[in-house]
Enquirer: 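The structure follows.
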Amino acid sequence: MLFLFWLFGYDGITFSDDVYYILAGKEFWNGTMEVGSYHFSSRWGAFVPAGFFSLLFDWDIHWISLVSFLSYWATYYLLLQFFSSKNERLILTLWFLTHVYFLHFLTKIYPDSLLVLWCTLFVAAASLRFEKPFISGITMVFALFMGFITKETIVFLAPFPILLFLFDFNSKPVQKSFYITLVACGITAALLYLGYFWAKFGDPFYRVTSINAGHYVSEFTYADKGISSIIKRITYSPFLTFIERAYWPWIVLAIPGFWKLWKERSHPEFTLAFICLILGFWFMSSTLEFYNPIYLNPRHLIILIPFLSFFIAKGWDTWINSFKWKQLLANLLLLGLTYSAITSDWKMAFFQLALGICLWIQYKNFRLIGIAILLLFPAIYSFYYQHQIKQYQSLLNQLDSEVEETAESPILINNFLDFSKKILLEGDSEEMEKLIPIEKADSIIALKPEKIRLFLYQYYQHAYPKEEVDVSNFENAIPINYSLESSKTEGLIETRTYTRKD
């Protein structure tokens with residue numbers, strides 16, 4: 001099922017950070033990649049595997065994303081080891097494989113997809129600390145180290161070993177060999193990591209400095225907008241994000257399982273780790289220079305899905321026969337439904353309404369079938385929807401035709417297409433030189449070429465609406481010196497040819 005999602009759900013690149021990771025991976029294996037002040041450049045765990053798969057599959061971007069599929073599959077396999085009941089495994093499978101954001105990045109090249117595995121492995125390894133303390137300690141440090149060089153988000157789990165030690169100290173004899181191994185390997189890994197930057201840049205904390213330097217003011221920052229913006233962000237805003245981005249039903253259904261495990265002091269590795277992740281997302285700052293809560297990007301939140309799915313499966317039998325639990329879950333879903341309705345998000349409102357109704361179905365087989373349909377339909381439909389609003393293969397075909405048919409005239413394209421042209425045109429430097437971002441239209445018009453071509457990908461209205469300003473600026477400036485010769489729209493692509501006025 002996961003493989004079929006990966007195979008048929010591919011809808012192309014996102015024209016964003018994934019472009020950097022793909023190109024950096026290629027440069028790494030070509031021996032031309034340089035680590036510098038840009039903090040993405042030391043995320044080896046993200047782009048090195050991508051580059052390796054690009055070598056294996058001859059620059060086929062879909063097959064490069066196989067690394068994300070393998071990460072998800074390995075995570076799923078790890079989680080299955082904690083379940084012996086067939087019913088629990090089925091519940092885990094349904095909730096693990098159907099979150100739309102989680103599945104969206106199954107076919108993408110992003111560090112978050114790999115971080116899903118490293119976070120889960122880090123926590124799963126801790127469960128072996130009594131049976132195999134040495135292997136458990138080494139594996140935890142390995143997972144934490146790999147996660148950190150993939151993306152810094154895994155630092156949310158840094159307090160986890162301390163919390164785990166306090167739990168063990170209060171409930172069981174502490175496994176000393178495990179903690180000695182964990183500390184010794186952790187110090188060794190930290191010294192090697194810091195030593196690399198000390199040797200290369202003369203500063204062991206160069207990585208931290210580069211992260212701080214990478215901070216910039218945007219619509220997704222809070223410190224620059226005043227204390228009220230920060231208070232909003234660390235109080236009720238996360239709840240709204242969870243609802244808007246479809247995490248709310250997973251969080252709500254995970255509550256019984258979390259409560260059950262916490263009360264029984266069972267699987268403390270998962271409950272303690274989840275607390276670390278939630279608090280990290282809620283309060284962590286994006287920079288150490290001043291307090292600026294991180295933006296809750298739905299892509300970053302996908303690392304919560306394995307834990308939420310785990311709790312949902314473990315707590316499924318807790319609420320099924322409990323009127324109080326059903327009432328609590330239904331009321332929480334009603335809160336989400338109300339907010340979705342207020343914001344006119346009718347798809348989410350209907351989803352939460354239908355899920356709330358399914359909770360009260362008495363026959364367990366009918367209830368499970370109803371929930372399964374409710375989860376699977378949006379997941380499958382999301383792939384169809386993405387294909388329809390993106391039409392990625394059509395973009396590639398038409399862009400290739402455009403650059404081949406256009407001789408010397410400059411071709412103005414969307415800014416995000418210009419950013420991604422090394423991938424879209426597979427590194428053909430001669431063809432890439434013809435493409436000019438539309439934000440530079442004024443400079444091209446000033447040169448007064450005989451003809452100007454416009455290649456406009458209408459997907460920008462969905463994914464990059466801010467580029468409408470550049471499109472409007474071009475359309476206001478071009479009639480002064482140029483007249484429209486031809487115009488054609490095919491799918492999401494609009495092409496125009498302008499001829500200079502004599």
Side-chain angles (χ1 to χ4, degrees), residues 14-18 20 37-43 46 99 101-102 104-105 110-112 115 119 147-148 150-160 205-248 250-252 273-305 307-308 335-336 338-340 342-345 348 415-416 419 462-469:
T14 65
F15 314 103
S16 186
D17 295 347
D18 55 340
Y20 178 87
S37 58
Y38 185 46
H39 61 285
F40 281 20
S41 68
S42 52
R43 289 181 175 175
H99 191 276
Y101 275 102
F102 188 70
H104 180 68
F105 292 99
Y110 272 92
D112 308 87
L115 209 58
C119 288
F148 192 75
T150 299
K151 192 175 183 182
E152 304 76 23
T153 310
I154 202 171
V155 77
F156 294 170
L157 290 174
F160 172 74
F205 300 104
Y206 180 83
R207 184 74 177 89
V208 177
T209 305
S210 68
I211 293 175
N212 285 333
H215 169 82
Y216 56 91
V217 174
S218 73
E219 62 181 307
F220 304 122
T221 55
Y222 304 93
D224 56 294
K225 298 175 180 62
I227 188 66
S228 61
S229 178
I230 293 177
I231 292 175
K232 174 184 175 182
R233 164 58 186 82
I234 62 176
T235 51
Y236 66 88
S237 179
F239 289 109
L240 306 185
T241 300
F242 292 147
I243 296 171
E244 292 167 352
R245 303 304 186 179
Y247 285 91
W248 188 243
W250 271 252
I251 291 173
V252 169
F274 184 72
I275 291 172
C276 290
L277 289 175
I278 283 292
L279 291 178
F281 277 120
W282 212 288
F283 298 107
M284 180 63 74
S285 174
S286 64
T287 176
L288 298 179
E289 293 181 331
F290 50 87
Y291 185 61
N292 182 73
I294 62 171
Y295 168 64
L296 288 184
N297 188 318
R299 169 167 51 86
H300 303 166
L301 294 171
I302 65 173
I303 63 174
L304 295 176
I305 293 299
F307 297 90
L308 294 173
L335 284 176
T338 303
Y339 176 73
S340 297
I342 291 173
T343 57
S344 299
D345 186 354
M348 273 307 304
N415 301 324
F416 65 90
F419 176 75
H462 170 81
Y464 298 93
K466 288 186 176 181
E467 293 201 8
E468 182 64 43
V469 175

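Positions are given from 1 along the sequence.
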Enquirer: If you round to the nearest 0.5 Å, how far is CG of L115 from CD1 of I302?
Expert: 8.5 Å
Enquirer: Among residues at least two apart in sequence or on other chains, which ones pass salt bridge (charged side-chain N to carboxylate O under 4.0 Å, His left out) with D18?
Expert: none
Enquirer: For Y464, check side-chain hydrogen bond (donor to acceptor under 3.5 Å, both in side chains) against everything at least two apart and list the hits.
Expert: none
Enquirer: Do Y110 and T14 touch side chain to side chain, with heavy atoms closer than 4.5 Å?
Expert: yes
Enquirer: Test I278 against L304 for side chain to side chain contact (heavy atoms under 4.5 Å, CB included), laying out the working first.
Expert: CA-CA 8 Å; I278 283 292; L304 295 176; 4.3 Å; yes
Enquirer: What verdict does the side chain to side chain contact (heavy atoms under 4.5 Å, CB included) test give for H99 and H104, after you've listed the backbone C-alpha separation in whole Å, the side-chain angles of each residue and the deciding distance to 0.1 Å?
Expert: CA-CA 9 Å; H99 191 276; H104 180 68; over 6 Å; no
Enquirer: In Å and rounded to the nearest 0.5 Å, what is the OG1 to CG distance from T153 to L277?
Expert: 9.5 Å
Enquirer: Looking only at heavy atoms, what is the nearest atom pair of C276 and L157, with distance?
Expert: CB-CD2, 4.1 Å
Enquirer: Nearest 0.5 Å, please: how far is SG in C119 from CZ in F274?
Expert: 12.5 Å
Enquirer: Can you establish whether the number of heavy atoms outside F205 located under 6.0 Å from its atom CZ is more than 12?
Expert: no
Enquirer: Are the side chain of Y291 and the backbone N or O of I230 linked by a donor-acceptor pair below 3.5 Å?
Expert: no
Enquirer: Apply ring pair (Phe, Tyr, Trp, His ring centres under 6.0 Å) to F160 and list each qualifying residue two or more places apart in sequence or on a separate chain.
Expert: F122
Enquirer: I275: which residues meet the side-chain contact (heavy atoms from CB on, under 4.5 Å) condition with it, sequence neighbours left out?
Expert: F258, W262, L279
Enquirer: Name all residues meeting the side-chain hydrogen bond (donor to acceptor under 3.5 Å, both in side chains) criterion together with Y247; count only those two or more places apart in sequence or in a different chain, and write none if there are none.
Expert: none
Enquirer: Mind checking salt bridge (charged side-chain N to carboxylate O under 4.0 Å, His left out) for R299 and listing every partner two or more places apart, or none if nothing turns up?
Expert: D17, D112
Enquirer: Could you tell me whether the side chain of M284 reaches within less than 4.5 Å of the side chain of V155, counting heavy atoms only?
Expert: yes
Enquirer: Mind checking the NE2-CZ spacing from H300 to F105? Nearest 0.5 Å is all I need.
Expert: 8.5 Å
Enquirer: How close do P111 and T150 get, counting heavy atoms only, and between which atoms?
Expert: CB-O, 3.4 Å
Enquirer: A side-chain contact here means heavy atoms from C-beta on lying under 4.5 Å apart; do S37 and Y206 qualify?
Expert: yes
Enquirer: Going by heavy atoms in the side chains, are W248 and L240 under 4.5 Å from each other?
Expert: no
Enquirer: Is the gap between the ring centers of F239 and W282 under 6.0 Å?
Expert: yes
Enquirer: With sequence neighbours left out, write down each residue that passes salt bridge (charged side-chain N to carboxylate O under 4.0 Å, His left out) with D345, or none if nothing qualifies.
Expert: none
Enquirer: In Å and rounded to the nearest 0.5 Å, what is the CD1 to OG1 distance from I294 to T287?
Expert: 13.0 Å
Enquirer: Which pairs pass side chain to side chain donor-acceptor pair (under 3.5 Å) with one or both residues in residues 226-244, sequence neighbours excluded?
Expert: E244-Y339
Enquirer: Under a 3.5 Å distance rule, please check whether K225 uses its side chain to pair with a backbone N or O of T221 as donor and acceptor.
Expert: yes
Enquirer: Can you name the residues that form a ring pair (Phe, Tyr, Trp, His ring centres under 6.0 Å) with Y20, not counting sequence neighbours?
Expert: Y38, F40
Enquirer: Which residues pass the ring pair (Phe, Tyr, Trp, His ring centres under 6.0 Å) test with F242, sequence neighbours left out?
Expert: none
Enquirer: Which residues pass the ring pair (Phe, Tyr, Trp, His ring centres under 6.0 Å) test with Y295, sequence neighbours left out?
Expert: F220
Enquirer: Roughly how far, to the nearest 0.5 Å, is the CZ atom of F102 from the CD1 atom of I303?
Expert: 11.0 Å
Enquirer: Is there a side-chain contact between I342 and T338 (heavy atoms, below 4.5 Å)?
Expert: yes
Enquirer: Who passes side-chain hydrogen bond (donor to acceptor under 3.5 Å, both in side chains) against S42, sequence neighbours left out?
Expert: R207
Enquirer: Decide yes or no on side-chain hydrogen bond (donor to acceptor under 3.5 Å, both in side chains) for S286 and N292, but give the supporting numbers first.
Expert: CA-CA 6 Å; S286 64; N292 182 73; 2.9 Å; yes
Enquirer: Determine, using ring centers only, whether F281 and F156 are less than 6.0 Å apart.
Expert: yes
